Undergrad: 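Just passing along the structure, written as structure tokens.
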Amino acid sequence: MDVYSQIISLAKRRGIFHPSYEIYGGEAGFYDYGPLGALLRHNVQNLWRNFYVLGEQCLEISTPVIAPYEVLKASGHVDKFLDVVVTCRKCRSAFKAEELSEEQLQALECPSCRGPLEKGRMNLMFETEIGAVNRREAFLRPETAQGIFVNFPLLYQYARRKLPFGVVQVGRGFRNEVSPRQGLYRLREFSMAEAEIFFDPEDKTHPRFGEVAGDQVNVIPAGGEELRSSVGRLMEEGIINNQALAYYLALTQRFLLAAGIDPAKLRFRQHQREEMAHYARDCWDAEIHTALGWIECVGIADRTAYDLTAHMQATGADMTAFRAYGEPVKEKRRRIVPDMAKLGPAFKDRAKDIVEQLERMEPPPEESALQVTLEGERVMLDPEFFEVVEEEVTVTGKNVIPHVIEPSYGIDRIIYSILEHNYVEAEKEGERYVSLRLPPSIAPVTAGVFPLVSKDGLPQVALDLDRHLRERGIMTFYDEAGSIGRRYARMDEIGTPFCVTVDHTTLEDDTVTVRFRDTTEQVRVPRHRLAAWIDENIRPQ
RNA sequence: GCGGGCGUGAUCUAGCGGUUAGGAUUUGAGCCUUCCAAGCUCACUGCCCGGGUUCGAAUCCCGGCGCCCGCACCA
């Protein structure tokens with residue numbers, strides 16, 4: 001059996017993940033996480049939070065999965081988040097538009113039977129409705145990002161009106177894929193962790209870039225060959241467009257390596273212009289090599305001001321940030337000042353309309369008549385009704401729509417990759433022996449706790465110890481069934497890094513053995529020190 | 001969606017028109033057991049769903065659902 005099948009089989013057998021609704025025949029594109037999988041995913045997401053919320057000081061929020069029509073209309077998803085599907089009316093073959101050549105599309109002729117082709121589009125969003133009586137159209141969100149963008153004004157305020165700042169959300173996204181496949185790779189409901197970092201559009205530098213500049217990464221620039229270099233160098237050579245993108249490339253690599261991804265099987269590929277999502281100007285994917293080939297697990301996109309501008313236009317909400325100049329600047333300004341004493345008597349109730357129009361106009365270079373529109377009629381307004389004044393104002397800064405750098409992580413794909421990269425098969429007395437060499441911090445169970453034999457009072461001591469560890473926040477698994485070797489094997493297969501055994505020596509000197517998953521080595525640790533010892537050994541070295 | 005392959009206990013599989021669907025692993029109970037899947041006894045769990053052909057279907061045919069491979073795409 002190939003690695004992929006081994007993992008799928010192991011995942012199902014040991015409660016990591018399996019297809020949803022199986023007793024009803026299954027539903028493609030949906031997967032359940034079992035007891036161990038839920039723990040594993042929790043740990044992976046927590047590790048991610050360690051990077052983004054603790055490390056980067058991003059603000060974590062949580063917004064609804066259901067979004068009203070207008071939100072996703074404004075964001076462009078209603079119109080652009082489509083797959084163009086071409087079907088033949090005669091032989092009923094269906095193609096994605098990208099598969100066909102220009103000529104075939106022009107001719108609208110089926111490549112297999114020459115029948116007439118029909119162009120159709122399919123939106124990838126799940127539709128739903130809000131309300132019982134007045135049903136309003138809505139969608140399940142295709143990304144968590146929009147929930148962050150629509151909250152920008154409040155978040156900007158919360159971040160004390162300073163750029164850059166980041167906001168993250170960990171949650172579910174939904175895409176009604178045409179053809180879900182390959183287990184956790186393409187799901188219709190999936191877990192994502194997204195960060196939206198708001199930068200001044202003219203300053204995409206990162207204050208801590210220096211810390212990562214030396215990190216070596218594998219990259220494939222658009223239209224170029226794969227190469228390995230430091231992110232600092234890639235920046236200097238212009239291969240990566242700005243520091244912010246480069247920084248998050250490096251940070252993403254650090255996160256993935258901490259999660260147990262094999263560095264040799266990780267690369268960053270820049271999107272070609274035509275494969276970019278509708279909202280992105282530049283995008284780098286972190287791709288991980290697995291039995292399924294290179295799979296995209298993280299997208300790091302420069303969304304520019306696209307989303308904030310869209311929501312600002314749709315709602316009129318202020319999505320700008322204030323950029324203070326170093327020194328206040330004195331600016332000369334010319335302004336039209338209406339003369340109300342004359343406008344009022346002359347135009348009566350239409351005077352207000354004229355004033356509003358004048359406010360939006362460019363001041364004329366000299367005293368001359370201005371054209372206004374009154375009830376659909378063009379009227380020339382003599383210079384006597386207004387004055388053009390020149391004034392000096394002090395400008396302390398200006399309002400800009402921030403640019404967004406978005407690292408977006410597909411948690412399920414990453415979890416599959418972690419399992420595959422840490423799956424180790426060995427021979428043990430002619431039998432296949434499986435270990436998952438997960439980093440201790442993400443392993444679903446941290447410590448197995450066993451009595452060496454189930455007599456002589458050892459189980460009671462071990463049970464007490466198990467309880468003690470759990471009270472200290474350590475996920476344990478107590479087991480007294482079968483030989484000690486079998487119990488170690490059970491723990492190795494689910495990636496438990498440490499096994500603690502209570503033996504007869506424990507009764508004499510109050511120490512226990514701790515056995516390491518990857519080396520099977522053992523050390524004796526005083527029982528009262530054990531929780532602290534485990535905490536210290538969980539940390540990545 | 002298209003083409004090809006495949007659906008048998010939790011997992012891996014035998015069975016290819018004819019008794020009560022067999023094995024291995026796992027799991028549970030018990031015996032045994034002083035550190036790496038030891039042994040023994042017992043036990044639980046299965047032919048993806050629906051229709052058809054047939055005296056008789058896990059097996060042949062049709063449809064659905066699911067999985068895998070290829071074509072292709074946003075995490």
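Here the structure is a predicted model, which means the values were calculated and not measured. Quick note on labels: first sequence line is chain A, next is B, and so on, each numbered from 1.
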Undergrad: Expressed as a whole number of Å, how far does the C1' atom of C44(B) sit from that of C36(B)?
TA: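 It comes out at 28 Å once rounded to the nearest Å.
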
Undergrad: Rounded to whole angstroms, how far apart are CZ on R175(A) and C1' on A72(B)?
TA: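 R175(A) atom CZ is separated from A72(B) atom C1' by 16 Å.
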
Undergrad: Looking at the side chain of Y279(A), which of G1(B), C68(B), C74(B) is the nearest nucleotide?
TA: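 Per side-chain heavy atoms of Y279(A), the pick is C74(B).
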
Undergrad: Give me the ring orientation class for H206(A) and Y248(A): parallel if the planes are under 30° apart, tilted from 30 to 60°, perpendicular past 60°.
TA: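 Perpendicular: the ring planes of H206(A) and Y248(A) meet at over 60°.
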
Undergrad: For L292(A) and V298(A), find the nucleotide of RNA chain B closest to each by heavy atoms; which residue's nucleotide sits nearer the 5' end?
TA: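 Mapping each residue to its closest nucleotide by heavy atoms, the 5'-most match is L292(A).
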
Undergrad: Flag the pair E427(A) and R432(A) as a salt bridge only when some basic side-chain nitrogen lies within less than 4.0 angstrom of an acidic carboxylate oxygen.
TA: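 No.
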
Undergrad: Could you give the distance separating A24(B) and C74(B) at their C1' atoms, to the nearest angstrom?
TA: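 Each nucleotide's C1' atom is 44 Å from the other's.
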
Undergrad: If I take atom OH in residue Y185(A) and atom C1' in nucleotide A72(B), what distance separates them, rounded to the nearest angstrom?
TA: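 Distance, rounded to whole Å: 10 Å.
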
Undergrad: I need the CD-P distance between E427(A) and A37(B), as an integer number of Å.
TA: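 Value for this atom pair: 13 Å.
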
Undergrad: Determine which nucleotide pairs with U54(B), using a 3.5 Å limit on both distances of a Watson-Crick or G-U wobble pair.
TA: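 Because no pair has both required distances under 3.5 Å, U54(B) counts as unpaired.
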
Undergrad: Would you measure the distance from the P atom in G15(B) across to the matching atom in U19(B) and give it in whole Å?
TA: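 Nearest-Å result for G15(B) against U19(B) at atom P: 16 Å.
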
Undergrad: Report the distance from atom NE2 of H77(A) to atom C1' of C74(B), rounded to the nearest whole Å.
TA: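 My rounded result for the distance is 9 Å.
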
Undergrad: What is the separation between atom CZ on R432(A) and atom P on A24(B), rounded to the nearest whole Å?
TA: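 Taking atom P of A24(B) as the reference, CZ of R432(A) is at 17 Å.
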
Undergrad: For Q182(A), which contact category applies under a 4.0 Å heavy-atom criterion: base, sugar-phosphate, or nothing?
TA: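 It contacts sugar-phosphate atoms only.
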
Undergrad: Indicate the ring-plane relationship of F149(A) and F198(A), choosing parallel, tilted or perpendicular according to the 30° and 60° boundaries.
TA: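 Answer is perpendicular, since the angle exceeds 60°.
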
Undergrad: By nearest heavy atom, map I23(A) and E194(A) onto RNA chain B; which one lands nearer the 5' end?
TA: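 Closest to the 5' end, via its nearest nucleotide, is I23(A).
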
Undergrad: Using a strict threshold of under 4.0 Å (side-chain N to carboxylate O), is an ion pair present between D518(A) and R437(A)?
TA: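 Judged by the 4.0 Å cut-off on N to carboxylate O distance, R437(A) and D518(A) do form a salt bridge.
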
Undergrad: So, applying side chain to side chain contact (heavy atoms under 4.5 Å, CB included) with L458(A), which one of T506(A), T501(A), L452(A) is it?
TA: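 Going through T506(A), T501(A), L452(A) one by one, the side chain to side chain contact (heavy atoms under 4.5 Å, CB included) with L458(A) is satisfied by L452(A) alone.
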
Undergrad: Restricting to nitrogen or oxygen on both sides, can you table the protein-nucleotides 8-12 of chain B pairs closer than 3.5 Å?
TA:
| from | atom 1 | to | atom 2 | distance (Å) |
| --- | --- | --- | --- | --- |
| U11(B) | OP1 | K12(A) | NZ | 2.8 |
| U11(B) | O3' | S9(A) | OG | 3.2 |
| U11(B) | O2' | S9(A) | OG | 3.0 |

Undergrad: Check every strand shown and say whether G183(A) touches a base, only sugar-phosphate, or nothing at a heavy-atom separation below 4.0 Å.
TA: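 G183(A): backbone/sugar contact only, no base atoms under 4.0 Å.
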
Undergrad: How many Å lie between CG on D479(A) and P on U26(B), as a whole number?
TA: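 The answer, rounded to whole Å, is 13 Å.
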
Undergrad: Both distances below 3.5 Å, Watson-Crick or wobble geometry, any strand: find the nucleotide opposite C6(B).
TA: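 For C6(B), the partner nucleotide comes out as G66(B), under the 3.5 Å rule.
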
Undergrad: In the 5'-to-3' direction, what one-character label does each nucleotide of nucleotides 30-36 of chain B receive under the scheme B = base within less than 4.0 Å of a protein heavy atom, S = sugar-phosphate only, - = no such atom?
TA: ---BBBB

Undergrad: Indicate yes or no: does R13(A) engage E493(A) in a salt bridge with an N to O separation below 4.0 Å.
TA: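 A salt bridge is present here (some side-chain N lies under 4.0 Å from a carboxylate O).
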
Undergrad: Please evaluate the base of G66(B) for a donor-acceptor partner in the side chain of R181(A) within a cut-off of under 3.5 Å?
TA: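 There is none.
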
Undergrad: Which atoms form the tightest heavy-atom contact between I534(A) and A447(A), and what is the distance?
TA: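 Residues I534(A) and A447(A), closest heavy atoms: CD1-CB, 4.1 Å.
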
Undergrad: Determine the sole option in I7(A), L292(A), L436(A) for which the side chain to side chain contact (heavy atoms under 4.5 Å, CB included) test with E420(A) is passed.
TA: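 Of the listed options, the one satisfying the test is I7(A).
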
Undergrad: Distance check, C1' atoms only: G4(B) and U11(B), in whole angstrom units.
TA: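 G4(B) and U11(B) have their C1' atoms separated by 27 Å.
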
Undergrad: With both distances under 3.5 angstrom, what nucleotide forms a Watson-Crick or G-U wobble pair with G17(B)?
TA: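 No nucleotide pairs with G17(B).
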
Undergrad: What's the verdict on side chain to side chain contact (heavy atoms under 4.5 Å, CB included) for M276(A) and R281(A), showing C-alpha distance, side-chain angles and the deciding distance?
TA: CA-CA 7 Å; M276(A) 217 100 67; R281(A) 188 161 76 190; 5.9 Å; no

Undergrad: At under 4.0 Å between heavy atoms, what does A277(A) touch on the DNA or RNA strands: base, sugar-phosphate, or nothing?
TA: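 Nothing, no heavy atom under 4.0 Å.
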
Undergrad: Distance between the P atoms of U45(B) and G18(B), in whole angstroms?
TA: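 Comparing P positions in U45(B) and G18(B) gives a spacing of 26 Å.
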
Undergrad: Who is the Watson-Crick or G-U wobble partner of G1(B), with both distances under 3.5 Å?
TA: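 Check on G1(B): paired to C71(B), both distances under 3.5 Å.
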
Undergrad: Tell me if the CZ atom of R524(A) is crowded by more than 12 foreign heavy atoms within 6.0 Å.
TA: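 It does: R524(A) CZ has more than 12 such atoms within range.
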
Undergrad: Rounding to an integer number of angstrom, what distance separates C67(B) and U26(B) when you compare their C1' atoms?
TA: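 The same atom, C1', in both gives a distance of 23 Å.
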
Undergrad: Mark yes or no: R413(A) above the aromatic ring of Y185(A), with NZ or CZ under 6.0 Å from the six-membered ring centre and no more than 45 degrees from the axis.
TA: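 Yes - R413(A) lies over the ring of Y185(A), closer than 6.0 Å to its centre and within 45° of its axis.
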
Undergrad: Please report the distance separating the P of G64(B) from the corresponding atom of G1(B), rounded so that it comes out in whole Å.
TA: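 The same atom, P, in both gives a distance of 9 Å.
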
Undergrad: Do the side chains of D492(A) and K428(A) get close enough for a salt bridge, i.e. N-O under 4.0 angstrom?
TA: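 Looking at K428(A) together with D492(A), the answer is no, because their closest N to O distance does not fall below 4.0 Å.
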
Undergrad: Output the rounded distance in Å from CG (D2(A)) to P (C69(B)).
TA: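 Checked: the CG to P distance equals 8 Å.
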
Undergrad: Taking any heavy-atom pair under 4.0 Å as a contact, classify F190(A): base, sugar-phosphate, or nothing.
TA: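 Contact class for F190(A): base.
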
Undergrad: Whole angstrom is fine here: how far is it from CD1 in I288(A) over to P in A75(B)?
TA: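 Rounding to the nearest Å, CD1 of I288(A) and P of A75(B) are 13 Å apart.
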
Undergrad: Is U26(B) paired to anything, Watson-Crick or G-U wobble with both distances less than 3.5 Å, and if yes, which nucleotide?
TA: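 Across any shown strand, U26(B) pairs with none.
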
Undergrad: Select one nucleotide: of G1(B), C74(B), A37(B), the one nearest the side-chain heavy atoms of S179(A).
TA: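 Nearest listed nucleotide: G1(B).
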
Undergrad: On a whole-Å scale, what distance lies between the C1' atoms belonging to A58(B) and U8(B)?
TA: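 Taking atom C1' in both A58(B) and U8(B), they lie 7 Å apart.
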
